[in-house]
Amino acid sequence: MKREMTREIVGVLLAAGAGKRFGGDKLLHRLPDGAPMAVAAANHLRPACARMVAVVRPGHDELAALLLAAGCDIVVCPEAEGGMGHSLAAGVRATAGAGGWIVALADMPFIASASHRAVASGLRAGASLAASQYQGRRGHPVGFSGVWFAQLAALTGDQGARAILERHRAELILCPVDDPGVLRDIDRPADLVGA
């Protein structure tokens, strides 16, 4: 399912998680360089996209303000407690008409901008689905062309778009990168050791 990419690629930063395993608000946790985790993720995503939206949960005003200052449009997802699928659907619905989406996670702040650009390039070259790959392992971000709008916009639950990727593996283009950050998500404070 390849097609010509003519419309903008939108970065969707999923920042609506509660971070319960972290023991606090991990997306506001400051990294060694002083940037809050979610802002670092947004800063690395920005060079790959013409536009970014950040999906946040209701009442997370401090995070929303920081991400707005980082260049994101803010989408509040009232169903965020229901899982990542709801958040991704909200971000995609808010950007209907995009040529594609790069889905990034706000708790993966160590993905290099070059890795986001590699996935964006895959979409622009006509891939239906694209993802980074480091040392043979698929990582984040994951890119979806505009043909997936209806399926993405209807997502619910906590699996995100995993089912789409599993059912359509033959259409997934892997974009090799030299970036271990594409595999490094932060769930607990110990995951930041060595940052």
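Side-chain atoms are counted along with the backbone in the values below, which use heavy atoms only and exclude waters and symmetry mates. All values reported here derive from a predicted model rather than from experimental measurement.
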task = Identify the heavy atoms of Val119 and Gly143 that sit nearest to each other, and give their distance.
result = CG1-N, 3.6 Å

For the student: nearest non-hydrogen atoms of His44 and Ser113, plus distance = O-OG, 2.9 Å

request  = Taking salt bridge (charged side-chain N to carboxylate O under 4.0 Å, His left out) as the test, write out the residues that go with Asp179, two or more places apart.
outcome  = none

ask   = For Asp61, what residues pass the side chain to side chain donor-acceptor pair (under 3.5 Å) criterion, not counting sequence neighbours?
value = none

Compile the donor-acceptor pairs under 3.5 Å between side chains in residues 34-42 and protein atoms, sequence neighbours left out, one pair per line.
none

query = Rounded to the nearest 0.5 Å, how far does CZ of Arg137 lie from CG of Leu183?
reply = 4.5 Å

ask   = Is there a side-chain contact between Arg138 and Leu172 (heavy atoms, below 4.5 Å)?
value = yes

message = What I'd like to find out is whether the side chain of Arg117 reaches to under 4.5 Å of the side chain of Pro47, using heavy atoms alone.
response = yes

ask   = Distance from Arg167 atom CZ to Leu129 atom CG, nearest 0.5 Å?
value = 11.0 Å

key: Atom pair NE2 (His168) and CZ (Phe144), whose distance is rounded to the nearest 0.5 Å   = 10.5 Å

Residue pair Ser132 / Leu174: nearest heavy atoms and the distance that separates them = O-CD2, 4.4 Å

key: Value rounded to 0.5 Å, distance of CG in Leu27 from CG in Leu67   = 8.0 Å

key: Beyond-backbone contact of Leu31 with Pro109, side-chain heavy atoms, under 4.5 angstrom   = yes

Donor-acceptor list for residues 84-102 side chains, cut-off 3.5 Å, not counting sequence neighbours:
{"residue": "His86", "atom": "NE2", "partner": "Gly157", "partner atom": "N", "Å": "3.4"}
{"residue": "Arg93", "atom": "NH1", "partner": "Ala153", "partner atom": "O", "Å": "2.7"}
{"residue": "Thr95", "atom": "OG1", "partner": "Gly91", "partner atom": "O", "Å": "3.0"}
{"residue": "Thr95", "atom": "OG1", "partner": "Val92", "partner atom": "O", "Å": "3.2"}
{"residue": "Thr95", "atom": "OG1", "partner": "Trp101", "partner atom": "NE1", "Å": "2.8"}

ask   = How would you list, by chain and number, every residue that makes a side chain to side chain donor-acceptor pair (under 3.5 Å) with Arg162, sequence neighbours excluded?
value = Gln159

Without placing hydrogens or testing angles, list every side-chain donor-acceptor pair under 3.5 Å for residues 51-58, not counting sequence neighbours.
{"residue": "Arg51", "atom": "NE", "partner": "Asp73", "partner atom": "OD2", "Å": "2.8"}
{"residue": "Arg51", "atom": "NH2", "partner": "Asp73", "partner atom": "OD2", "Å": "3.2"}
{"residue": "Arg57", "atom": "NH1", "partner": "Gly17", "partner atom": "O", "Å": "2.5"}
{"residue": "Arg57", "atom": "NH1", "partner": "His60", "partner atom": "ND1", "Å": "3.4"}

Min side-chain heavy-atom separation Val177-Val182 under 4.5 Å = yes

remark   = Between the CG atom in Leu165 and the CD atom in Glu171, the distance rounded to the nearest 0.5 Å is 10.5 Å

note = What one should report as the nearest heavy-atom pair of Ala50 and Glu8 is CB-OE1, 3.5 Å

query = Minimum heavy-atom separation for Val142 to Ala131, with atom names?
reply = CG2-CB, 4.2 Å

note = Heavy atoms of Ser145 and Leu123 approach each other most closely as N-CD2, 3.8 Å

task = Can you measure from NE2 (His140) to CD1 (Ile111) and round to the nearest 0.5 angstrom?
result = 7.5 Å

request  = Please say whether more than 12 non-hydrogen atoms of neighbouring residues, nucleotides or ligands are located less than 6.0 Å from CG in Asp33.
outcome  = yes

Chi angles and distances behind the side chain to side chain contact (heavy atoms under 4.5 Å, CB included) call for Asp25, Glu62 = CA-CA 11 Å; Asp25 197 334; Glu62 181 181 358; over 6 Å; no

ask   = Is it true that a side-chain atom of Lys26 and a backbone atom of Asp107 form a donor plus acceptor pair closer than 3.5 Å?
value = no

